[in-house]
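Because the structure is predicted, anything quoted here is derived from the model rather than measured. In each ligand, atom 1 is the first atom listed, and ligand 1 is the first ligand listed.
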Amino acid sequence: MKILVLNCGSSSIKYQFIDSAKKIVEAKGLVERIGMGSAVLTHAPNGKDKIRIVGEILDHTIAIEYVLAVLLSPNHGVIKDKSEIDAVGHRVVHGGETFSGSVLITDQVMQALKDNIELAPLHNPPNIKGIEACKAHLPNTPQCGVFDTSFHTSMPDYAYLYGLPMELYKRYKIRRYGFHGTSHRFVSKRCAEILDRPYEELKIVTAHLGNGASMAAVKEGKSIDTTMGFTPLEGLLMGTRCGDIDPSLITYIMGQEGLNMAEINTLLNKHSGLLGLSGVSSDMREIEEGVITGDQKSTTAFNVFAYKIKKYVGAYAAAMGGIDALVFTGGIGENSDLVREWVCKEMEYLGINLDAEKNKNPEGDCILTTEDSGTKVMRIRTDEELVIALDTEEIVNNNDN
Ligand code: ADP
């Protein structure tokens, strides 16, 4: 099946055109600056030259029109007719408590997505716009929604409830939801495959470390806890997000600095994390350069980042009653041997013995611990678009039968 996978943000659309049977990306690209002066579309067809188009793209409907035009282009395209797109799979950020798995998008689903806007006011509206734009251009093509939150709907109430008055949960659905679920699901399943053991028997800690970062405790194939909460701000230190802090700090900082709600939100989401602590960058590569050259603030930021991950490994081992594997993924998890080394040092008590050489030079998806290490540490490349394509294929096939 040929599937167009879309990740629609407020001013950008990332896309991949995937042959799900062959697991091949035939083309991928990005539309940026939608609704701004000069929008840019970058399109990379497999095996052909990459192209860049600059133009005025007022909204998501026009952006999708551009994407379809390049996919159909005689020189840079990969299809001859729109009908070759068998289905569209959308990444949807927030499924609330409504969606515990991926779904075919129907009018009812659209309504539920709209009902969840309050939970993700920045993310769900562009996701909805993307779906509506596809409906306009591809009215007969099935569309599916794959949610960042759905893998975590298996969390027990004692993991997802905050210690707040219960009325707030009932009234506003204030609880922990967790995100990056598509990635945690993919890499934990892949971990079981590599270990050649039943997924349903394993206790796996997954660490998705990119600009946004979260960890999950995956017990017997189900997420039982995760570090992100009501929003993606909770949990680990991230590129520009603060992660866990004392909630009293919010009113304290607002008072001390004279900030309003929007400003404190920006401070916690955009000016904190690696960037805020280091004053150098939100990018781990630059932080690592600082560590290597002895920059004190970069070293501190790096240590805070790695320490929080280490702390959650222990917490999740306790939550699951043990740990069979610790999986690193995302731009940092896949590429930073320094982070993996820091997290895994002095973890012999958990059965973790990192192999220094394997950790420095990992090849593909692999195990990074010594043969006798009871708990395996692994590096697995995440592929959220492929998961969206495979879920979409399964849903469309089931719906046809
Ligand atoms: P996003 O969350 O935006 O998808 P990615 O998963 O691409 O982000 O991760 C981006 C992060 O990965 C950045 O902090 C970047 O510095 C880091 N990264 C990428 N390559 C390396 C590397 N070789 N070593 C250390 N960090 C890296």
Query raised in the report: Hey, which atoms in ligand 1 end up nearer than 4.0 Å to a heavy atom of Gly210?
Result: 2 (O), 5 (P), 6 (O), 8 (O), 9 (O)
**Report entry** Contact (N/O only, under 3.5 Å) between Arg285 and ligand 1
**Finding:** yes
Query raised in the report: Can a cation-pi geometry be assigned to Arg190 and Phe186, taking NZ or CZ under 6.0 Å from the six-membered ring centre and within 45° of the ring axis?
Result: no
Requested in this report: Taking the six-membered ring for Trp and the full ring for Phe, Tyr or His, determine whether the centres of His152 and His184 are under 6.0 Å apart.
Outcome: yes
**Report entry** Test log, rule side-chain hydrogen bond (donor to acceptor under 3.5 Å, both in side chains), inputs Tyr252 and Glu257
**Finding:** CA-CA 9 Å; Tyr252 186 74; Glu257 296 273 307; over 6 Å; no
Query raised in the report: For atom 16 (O) of ligand 1, what is the nearest protein heavy atom, given as residue, atom name and distance?
Result: Asp283 OD1, 2.4 Å
Requested in this report: Say whether His208, considering both its backbone and side-chain N or O atoms, lies within less than 3.5 Å of an N or O atom on ligand 1.
Outcome: no
Report task. For atom 13 (C) of ligand 1, grab the closest protein heavy atom and report residue, atom and distance to one decimal in Å. Result -> Asn211 OD1, 3.9 Å
Report summary line: atom 20 (N) of ligand 1: closest protein heavy atom, distance to 0.1 Å, is Asn335 ND2, 3.5 Å
Query - Part of Glu288 with heavy atoms under 4.0 Å of ligand 1, whether side chain, backbone, both or neither - result: side chain
Query raised in the report: Applying a strict 4.0 Å limit to heavy atoms, is Gly212 in contact with ligand 1?
Result: yes
Query raised in the report: When the ring planes of Tyr160 and Tyr169 are compared, do they come out parallel, tilted or perpendicular, using 30° and 60° as the limits?
Result: tilted
